[in-house]
Visitor: 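If you scroll down you'll find the structure; I have some questions about it.
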Amino acid sequence: MTGRITAVCISSRKGTAKTNVGNCEIIENFGLKGDAHAGSERQVSLLSENAVNDFRRRCDGKVTVSPGIFGENLLVDSVDLTNYPVGAIIIIGDVILAVTQIGKTCHSGCDIMARTGECIMPQEGVFAKVIRGGSVAVGDEVRIPYRAAVITASDRSYRKEREDKSGPAIVNRLEESGYYVGSRVLLPDDEDGLAGELARIADDERPDVIFTTGGTGLSERDRMPEATKRVADRDVPGIAEAIRAYSMKITPNAMLSRAVSVIRKKTLIVNLPGSPKAVEECLDLILPGLEHGLGILRGDTDG
């Protein structure tokens, strides 16, 4: 999902309307240079243009609604920011923000409330911390990428007897395709440990998709499908079936894969094979069509 910056606003005092300065430097783990809220727990505040336009219609011209009047740093067009969960990533050029809070409690004596009679930030405001700084300006594209996590299951790699090449191959391919990759985990082939980490990442980090590699074969220690099914709310069998059918054209050994694909809450979990070559082949197949499904799961796309 993409949008555009329509205003870049700062103020020297908290609780007051901000002024659109057009462009500004955003400092890592701090906020907008010169803004009173920089360095606080809510480093950058964002507001959707649609929410402001709705307010304009409600007040029917009784209040002059200029950029920054609600205390927002960044006004964004074409994206409903409140649709995205805490942890969502927002990319603006070189700047990377991570959503930390949606909505807030207005403090007493708020100048904004006094001027407008209604502050929409408690319901519509989105707050973020700065993961990577840079410059932003009116007109810059705002991108909310799909977020992924990668888990490698391998006793030998975990014991450092063999380099994990499949996990990094997935990460590189996802980043090339525009995904933001968060957790990258290497674990032994232990069903309880794998299930626990899958649940933790899905519940705490809430990525759009978790890709796993390894542990899908016939050996006694291959337990990734069992771990994945333990944390599943719903099955998505078509992905695993498509991977097997495609891989059978390359090697008959693909029929031995027990990989599954499931949903936990709003996170898709996809088991991939353990070899770097097979991982690349599977991603060739599924990535072009996967974003449509992730969009439906995230709420960006109609089914």
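The structure displayed is predicted, hence computed values, not measured ones.
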Visitor: Say whether Ser48 and Asn50, considering side chains only, have a donor N or O and an acceptor N or O under 3.5 Å apart.
Guide: no

Visitor: Using a 3.5 Å distance criterion without hydrogens, assess whether the side chain of Ser261 forms a donor-acceptor pair with backbone atoms of Ala240.
Guide: yes

Visitor: Taking C-beta and beyond as the side chain, do Val209 and Tyr179 meet within less than 4.5 Å on heavy atoms?
Guide: yes

Visitor: Stepwise, does the side-chain contact (heavy atoms from CB on, under 4.5 Å) test hold for Glu163 with Ser157?
Guide: CA-CA 6 Å; Glu163 181 184 359; Ser157 294; over 6 Å; no

Visitor: For Leu46 and Ala128, work out which heavy atoms get closest and say how close.
Guide: CD1-CB, 4.2 Å

Visitor: Checking side-chain contact (heavy atoms from CB on, under 4.5 Å) for the pair Met224/Ile151: CA distance, chi angles, key distance, verdict?
Guide: CA-CA 10 Å; Met224 181 59 82; Ile151 297 178; 4.3 Å; yes

Visitor: Give the minimum heavy-atom separation between Gly215 and Pro225, together with the two atoms involved.
Guide: O-CD, 3.1 Å

Visitor: Go through the side-chain N and O atoms of Arg162 and Ser154 and say whether any donor and acceptor fall under 3.5 Å apart.
Guide: yes

Visitor: Give a yes or no on whether Arg159 atom CZ has more than 12 heavy-atom contacts from other residues, nucleotides or ligands under 6.0 Å away.
Guide: yes

Visitor: When hydrophobic residues are tied together by side-chain contacts of less than 4.5 Å, even through go-betweens, does Val142 share a cluster with Tyr146?
Guide: no

Visitor: So which heavy atom on Leu218 is nearest to which on Leu256, and how close?
Guide: CD2-O, 3.6 Å

Visitor: Is it the case that the side chain of Arg264 and the backbone of Ile269 share a donor-acceptor pair, with hydrogens and angles ignored and the cut-off at 3.5 Å?
Guide: no

Visitor: Answer yes if Phe211 and Val260 sit in the same cluster of Ile, Leu, Val, Met, Phe, Trp and Tyr residues linked by side chain heavy atoms under 4.5 Å apart, and no otherwise.
Guide: no

Visitor: Between Leu287 and Leu174, is any pair of side-chain heavy atoms under 4.5 Å apart?
Guide: yes

Visitor: Using every non-hydrogen atom in the two residues, find where Thr216 and Leu272 come nearest and quote the distance to one decimal.
Guide: CG2-O, 4.0 Å

Visitor: Using only heavy-atom distances, determine whether the side chains of Ser183 and Glu205 contain a donor-acceptor pair under 3.5 Å.
Guide: yes

Visitor: Does Arg143 use its side chain to pair, donor to acceptor, with the backbone of Gly178 at less than 3.5 Å?
Guide: yes

Visitor: CD1/Ile10 to SG/Cys24 distance, rounded to the nearest 0.5 angstrom?
Guide: 5.0 Å

Visitor: Report yes if the side chains of Val126 and Leu47 come closer than 4.5 Å at any heavy-atom pair, otherwise no.
Guide: no

Visitor: Identify the two heavy atoms, one from Glu124 and one from Thr82, that lie closest to each other, and give their separation to 0.1 Å.
Guide: O-CG2, 3.5 Å

Visitor: Under 4.0 Å between a Lys/Arg side-chain N and an Asp/Glu carboxylate O for Lys265 and Asp203?
Guide: yes

Visitor: Can any side-chain N or O of Gln101 pair as donor or acceptor with the backbone N or O of Gly103 at less than 3.5 Å?
Guide: yes

Visitor: Distance from Lys266 atom NZ to Leu294 atom CG, nearest 0.5 Å?
Guide: 12.5 Å

Visitor: May I ask you to test the Asp208-Thr267 pair for a side-chain heavy-atom distance under 4.5 Å?
Guide: no

Visitor: Enter the distance from Ile96:CD1 to Glu28:CD here, rounded to the nearest 0.5 Å.
Guide: 9.5 Å

Visitor: Is the backbone of Asp77 close enough, under 3.5 Å, to the side chain of Thr6 for a donor and an acceptor to pair up by distance?
Guide: no

Visitor: State the OG1-CD distance between Thr251 and Glu281, to the nearest 0.5 angstrom.
Guide: 9.0 Å

Visitor: Would Ile210 and Tyr158 show up in the same hydrophobic cluster when neighbours are defined by side-chain heavy atoms closer than 4.5 Å?
Guide: no

Visitor: Evaluate the side-chain proximity of Thr100 to Arg42: yes if any heavy-atom separation is below 4.5 Å, no if none is.
Guide: no

Visitor: Could you go through Val76 and Glu49, starting from their C-alpha distance and side-chain angles, then the distance that decides it, and tell me whether this counts as side-chain contact (heavy atoms from CB on, under 4.5 Å)?
Guide: CA-CA 6 Å; Val76 181; Glu49 185 88 56; over 6 Å; no

Visitor: Tell me whether Arg230 is salt-bridged to Asp192, with the criterion being a basic N under 4.0 Å from an acidic carboxylate O.
Guide: yes

Visitor: Quick one: sort the Phe70 and Phe55 rings into parallel, tilted or perpendicular, breaks at 30° and 60°.
Guide: perpendicular

Visitor: Please assess Leu290 against Ile239 for the test side-chain contact (heavy atoms from CB on, under 4.5 Å), listing each intermediate value before the final yes or no.
Guide: CA-CA 9 Å; Leu290 193 62; Ile239 297 174; 4.1 Å; yes

Visitor: Enter the distance from Arg258:CZ to Thr228:OG1 here, rounded to the nearest 0.5 Å.
Guide: 10.0 Å

Visitor: Taking Val138 as the starting point, is it possible to reach Ile90 by hopping between hydrophobic residues whose side chains are less than 4.5 Å apart?
Guide: yes

Visitor: With a 3.5 Å distance limit and no angle check, can you tell me whether Asp204 reaches the backbone of Arg206 through a side-chain donor-acceptor pair?
Guide: no

Visitor: Would you check if Ile250 and Lys277 make a side-chain contact, meaning some heavy-atom pair closer than 4.5 Å?
Guide: yes

Visitor: Taking atom OH of Tyr180 and atom CD of Glu175, what is their separation to the nearest 0.5 Å?
Guide: 9.0 Å

Visitor: Does Val171 belong to the same Ile/Leu/Val/Met/Phe/Trp/Tyr cluster as Leu283, with side-chain heavy atoms less than 4.5 Å apart forming each link?
Guide: yes

Visitor: For residues 212-225, pull every pair meeting salt bridge (charged side-chain N to carboxylate O under 4.0 Å, His left out), keeping only residues two or more places apart or in separate chains.
Guide: Asp155-Arg221, Glu191-Arg223, Glu220-Arg223

Visitor: Determine whether Ile5 and Leu75 make a side-chain contact, defined as any pair of heavy atoms from C-beta on separated by less than 4.5 Å.
Guide: no

Visitor: Under the salt bridge (Lys or Arg N to Asp or Glu O under 4.0 Å) criterion, do Glu41 and Lys129 qualify, and how do the steps go?
Guide: CA-CA 8 Å; Glu41 70 277 9; Lys129 63 180 179 181; over 6 Å; no

Visitor: Are Asn73 and Asp35 linked by a side-chain donor-acceptor pair shorter than 3.5 Å?
Guide: yes

Visitor: Could you check whether atom CG of Asn172 has more than 12 heavy atoms from other residues, nucleotides or ligands sitting under 6.0 Å from it?
Guide: yes

Visitor: Answer yes or no: is there a side-chain heavy-atom contact under 4.5 Å between Val52 and Ile69?
Guide: no

Visitor: Spell out, as yes or no, whether a donor-acceptor pair under 3.5 Å connects the side chain of Ser257 to the backbone of Ala254.
Guide: no

Visitor: Tell me if a side-chain donor or acceptor on Arg56 pairs with a main-chain N or O of Val65 at a distance below 3.5 Å.
Guide: yes

Visitor: Verify, without hydrogens or angle tests, whether Asp235 (side chain) and Pro237 (backbone) share a donor-acceptor contact under 3.5 angstrom.
Guide: no

Visitor: Distance to the ring centre below 6.0 angstrom and angle to the axis at most 45 degrees; does that hold for Arg298 and Tyr84?
Guide: no

Visitor: Using only heavy-atom distances, determine whether the side chains of Ser45 and Glu72 contain a donor-acceptor pair under 3.5 Å.
Guide: no

Visitor: Are Asn271 and Thr212 linked by a side-chain donor-acceptor pair shorter than 3.5 Å?
Guide: yes

Visitor: Mark yes or no for whether Arg244, through its side chain, and Met255, through its backbone, hold a donor-acceptor pair below 3.5 Å.
Guide: no

Visitor: Scan Asn83, Ile89, Val79, Val99 and name whichever one has a side-chain contact (heavy atoms from CB on, under 4.5 Å) with Ile144.
Guide: Val79

Visitor: Of all heavy-atom pairs between Thr213 and Ser166, which one has the smallest distance, and what is that distance?
Guide: OG1-CB, 3.3 Å

